[in-house]
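Heads up: the structure comes next, in structure tokens.
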Amino acid sequence: MSSELLSMALNRAKERTLSAGELLHFAGQLAATSKAETLSLLYRTWIENNPADPLLPAIHFNHAVILSGSGDLAGARTALEEAIKVNPDFIPPYINLGNVLERLGNAGEAVQTWYQAANRLGLVTGDTANYKTTALKQIGRVLERFQVDEKAEEVLKLSLEINPHQADVVQHYVSLRQRQCKWPVIVPSGVITKEHLLKGISALSLAAYTDDPLLQMANAAIYTKQSIGRPARLYNQHHAELLKTASPKRRRIGYVSSDLREHAVGFLTAEVYELHNRENAEVFLYYCGHHSPDYMQQRIKAAADHWIDLGPMTDEQAAERIVADQIEILVDVNGYTNAGRTKLFAMRPAPIIVNWLGFPGTLGNPSHHYIVADDFIIPKDNEIYYTEKVLRLPCYQPNDRKRPISDRPQKRSDAGLPDDATVFCCFNGVHKITPFTWRRWMTILHNVPGSVLWLLDSIESVSNRLRDMAEQHGIARDRIIFAPKAKNPDHLARYVLADLFLDTSPYGAHTTSSDALWMGVPVLTLAGRSFASRVCGSLVKSADLEELIVYTPEDYVRLAIELGLNKQKLQTYRERLSAARQSCVLFDMPLLVSSLERLYAEMWEDFKAGRLPRPDLSNIDIYNDIGVDLDKNDVELLAASNYNDLYLQKLAERDRFEMLRPDARLWTDATAKRPMPKDIGHLQALAERALDRGQVEQARGYITECLDREPKNAAILDVAARIMLRAGQADLAEHYARRAIAEQPIVVYGLTLAEAMKARGQLTGAETFFRSVLERIPNDRRALLGLAQIYEQTGRADLAKEYHFMALEAGLNG
């Protein structure tokens, strides 16, 4: 395969049809199996035939890296000097040339080369660094706006390499990596540490990155403290006057949103404003988005008692207007989303401030008193993850029963879908796809023959990346199908072509889920702990399909495969959705609005009685530090059964030298007196015992804590690999097994690696490892059984029978 790839690349290089980017891509593919001389030949051929390419200096530089790595320092020196000759302002070759010269014994010449680089960079001062980062930030902003994501990411990374403490740049940099499906998303580089990235990540990006509601709460609180701060003006003194003038029954409700238009929030809330009982509510809509006179905004405007455009107003002017309107309950329908006016709420222009619908989680700030959810999204035990007081509706999310749907006939062939195969769909934004979700989807496709995954189209490079990753999992790229962007009526109509909607985690479907359910498409969701990971479960439950909510990754994969192979069962779900559409809680908007009005009345009574909630923000910085420390790119926190205990362990460690003050979450007076969690040896034993009993999730929880404490412990890594094998995650099993061998290359860890490779279909490699085990331990039953199974799969029946017998004999003797 590598020789064919090399031949093709060489021919294209000679024909001048191989771009510099493709050259680097092919060189990367060949690096694992080819010698340095082979790679050098490819680089030389390309350089000889592309002397005018603008990326020639970078190619010389990469060629030098290959030569230097193979010990050809003279060749590396020549390549680096050529790079400098072509572009004297390209700095990296100077650095590497200095290193090469030093290795050649020319220390003085090396120093002179480094001086040249320093002089070309010019004097770096606070001002010049600030000017440069500001310029880079502006370039990145514009590129991101026009979806030139790869270049925008590159520019923002340059800015962070100058100053990694730019939280606003970190937010956009991480978000760009998420929406390009570049995994892992958090990648330290030079001065840019994991801590810089995770402490600067935006609240929305964090919700899509990890199912860690304590970290999400702390992240939001720190963002408020650093970016919102203390407002210059407060309007608290006006609140008492409202008690004198307020109507006994009719509340003055203000909704603030930038999305009262053709946007998910606009579609969801339009009917809410129309259905408000004017005896209970006077509705003020404060719009803070861009000018958008579309049909949805016109409809929403018509539903309001008062429509106020905050766009031309400063935050102070907007606050004064809200005070003048004598708003009693101000509802934030943005939170930390685009164009939200968080600083406006910090001024307290109304006595009661509510977080609802716009942002999927706590806002972690002192200004918002309540968060509106439901019993599923925030169970009683999960209230500790929110700074607001939790109030609940029958179902948290409203829906528009008047949404227009195209009447154009829908055919699978028109959408590029197979007529007779199972069509799994997910129309969530691609930024919600994580490597864990992707692996689950690939396992599902592998086990449902002919099935396809129908996703919402993104930019071409992202679509290609996802198809490439499908191929890496053994799934043909044409089984990943992309639906082009369409107007909402047309988009809704095509849902009927799908058989089953597969939700993402930890940031699940919200509007996309209710759209699917409205159109009669069943939705399978994996519920976690955080708000964003439970909204879809709330919607599915409210649509009377609670059996499609699962709580472990294994159950998600199992049920998806089961349903993908059972079209009759899926049709039953479609019929149930169709029958319940007019009666289920999910689409009962009169019930939601009347319940919302009752909550507003309850809030008002709290205000009158002087018992408005006071957010507890103590120990927030510590929770943030712990959450950042707990994060592991290759460990899905959603799957950890001992989540709270992971934090308690770290809190106890901090308390030993900081004497933490109790808070209203985990570090209460009672937990502060709790004994330290079990030692790591005991935890490892518990993990192995649980694995022996088939309690995979419990075993995973124990081993996750072990890995958190000792991530380089080979024995623990081997147990983790065996647990992942039992959980059906062979790719993770191979990852942990290789890490175990890297830390301690002993035969038993090679055995686990062989089993992981066998589970992934890498039979030749697995056979080699099993045989190497038997050279050291001739009667090892696991190795004998592994070889027997490989020979069965490869049609060598006689050998399979022989090794099965040997395995049986070894078991009897053992």
Please check if the side chain of S68 supplies one atom and the backbone of A64 the other of a donor-acceptor pair under 3.5 Å.
-> no

Just wondering, are more than 12 heavy atoms of other shown residues or ligands nearer than 6.0 Å to NZ in K157?
-> no

For E767, which residues count as a salt bridge (Lys or Arg N to Asp or Glu O under 4.0 Å) partner, sequence neighbours excluded?
-> R771, R796

Output, in order, the C-alpha distance, side-chain angles, deciding distance and verdict of salt bridge (charged side-chain N to carboxylate O under 4.0 Å, His left out) for R440 and E636.
-> CA-CA 12 Å; R440 287 193 276 274; E636 187 176 25; 2.8 Å; yes

When rounded to the nearest 0.5 angstrom, what is the spacing between CD in Q178 and OH in Y173?
-> 12.0 Å

Can you name the residues that form a side-chain contact (heavy atoms from CB on, under 4.5 Å) with N87, not counting sequence neighbours?
-> P57, D89, F90

Just by modelled atom types, is the F769 backbone N or O under 3.5 Å from a matching donor or acceptor in the S772 side chain?
-> yes

Would you say Q166's side chain and N163's backbone share a donor-acceptor pair under 3.5 angstrom?
-> yes

Between the main-chain N or O of I201 and the side-chain N or O of S205, is there a donor-acceptor pair closer than 3.5 Å?
-> no

Side chains of N428 and F501 in contact at under 4.5 Å (non-hydrogen atoms) = yes

Can you pull the salt bridge (charged side-chain N to carboxylate O under 4.0 Å, His left out) pairs that have at least one residue in residues 445-466, sequence neighbours excluded?
-> E150-R465

Can you name the side-chain contact (heavy atoms from CB on, under 4.5 Å) partners of D478, sequence neighbours left out?
-> A476

Can you name the nearest heavy-atom pair linking S189 to E161, along with the distance?
-> OG-OE2, 4.2 Å

Test of ring centre spacing under 6.0 Å for H473 and H446 = no

Ignoring hydrogens and geometry, is there a side-chain-to-backbone donor-acceptor pair from N50 to D53 under 3.5 Å?
-> no

Among L466, V462, V430, which one satisfies side chain to side chain contact (heavy atoms under 4.5 Å, CB included) with L455?
-> L466

Would the number of heavy atoms belonging to other residues, nucleotides or ligands and lying under 6.0 Å from NE2 of H735 be above 12?
-> yes

Does Y507 reach the side chain of L204, with side-chain heavy atoms less than 4.5 Å apart?
-> yes

Can you name the salt bridge (Lys or Arg N to Asp or Glu O under 4.0 Å) partners of E195, sequence neighbours left out?
-> none

Hits for side-chain hydrogen bond (donor to acceptor under 3.5 Å, both in side chains) against T337, two or more places apart or cross-chain, chain-then-number order -> N334

Looking at residues at least two apart in the chain, or sitting in another chain, which of them share a salt bridge (Lys or Arg N to Asp or Glu O under 4.0 Å) with R477?
-> D468, E471

Worked verdict on K151 versus E154 for salt bridge (charged side-chain N to carboxylate O under 4.0 Å, His left out) | CA-CA 5 Å; K151 193 66 179 177; E154 178 186 317; 3.1 Å; yes

Heavy-atom donor-acceptor pair, N447 side chain to T443 backbone, under 3.5 Å = yes

Look only at the side chain of T512 and the backbone of A509, and say whether a donor-acceptor pair between them is shorter than 3.5 Å.
-> no

Do E262 side-chain atoms and S292 backbone N/O form a donor-acceptor pair below 3.5 Å?
-> no

Is the backbone of S505 close enough, under 3.5 Å, to the side chain of K432 for a donor and an acceptor to pair up by distance?
-> no

Heavy-atom side-chain contact between W441 and F424 under 4.5 Å | no

Begin from the C-alpha positions of R77 and E81 and carry the test salt bridge (charged side-chain N to carboxylate O under 4.0 Å, His left out) through to its verdict.
-> CA-CA 6 Å; R77 175 178 182 172; E81 288 173 342; 3.0 Å; yes

Counting N and O atoms only, with roles assigned by atom type, does the side chain of R412 sit under 3.5 Å from a partner on the main chain of L497, one being a donor and the other an acceptor?
-> yes

Which atom names give the shortest non-hydrogen contact between A759 and L725, and what distance separates them?
-> CB-CD2, 3.8 Å

Gap between atom CZ of F436 and atom CH2 of W183 - 0.5 Å precision = 10.5 Å

Those residues that, when tested against W454, pass ring-ring contact (aromatic ring centres under 6.0 Å, His included) (two or more places apart) = F427

Residue pairs, two or more places apart or on separate chains, that pass salt bridge (charged side-chain N to carboxylate O under 4.0 Å, His left out) and touch residues 170-181 | D149-R179, E153-R177

Are K199 and I222 close enough that some pair of their side-chain heavy atoms sits under 4.5 Å apart?
-> no

Take atom NZ in K194; do more than 12 heavy atoms of anything else shown fall under 6.0 Å from it?
-> yes

Can you list every pair that meets ring pair (Phe, Tyr, Trp, His ring centres under 6.0 Å) and has a residue in residues 52-86, with sequence neighbours left out?
-> Y43-H63

Who passes salt bridge (Lys or Arg N to Asp or Glu O under 4.0 Å) against E82, sequence neighbours left out?
-> none

Of the non-hydrogen atoms in L445 and S451, which two are nearest, and what is the gap between them?
-> CD2-OG, 3.3 Å

Any pair with a residue in residues 733-745 that passes salt bridge (charged side-chain N to carboxylate O under 4.0 Å, His left out), sequence neighbours left out, goes on the list, sorted by first then second residue, please.
-> D634-R739, E734-R738, E734-R760

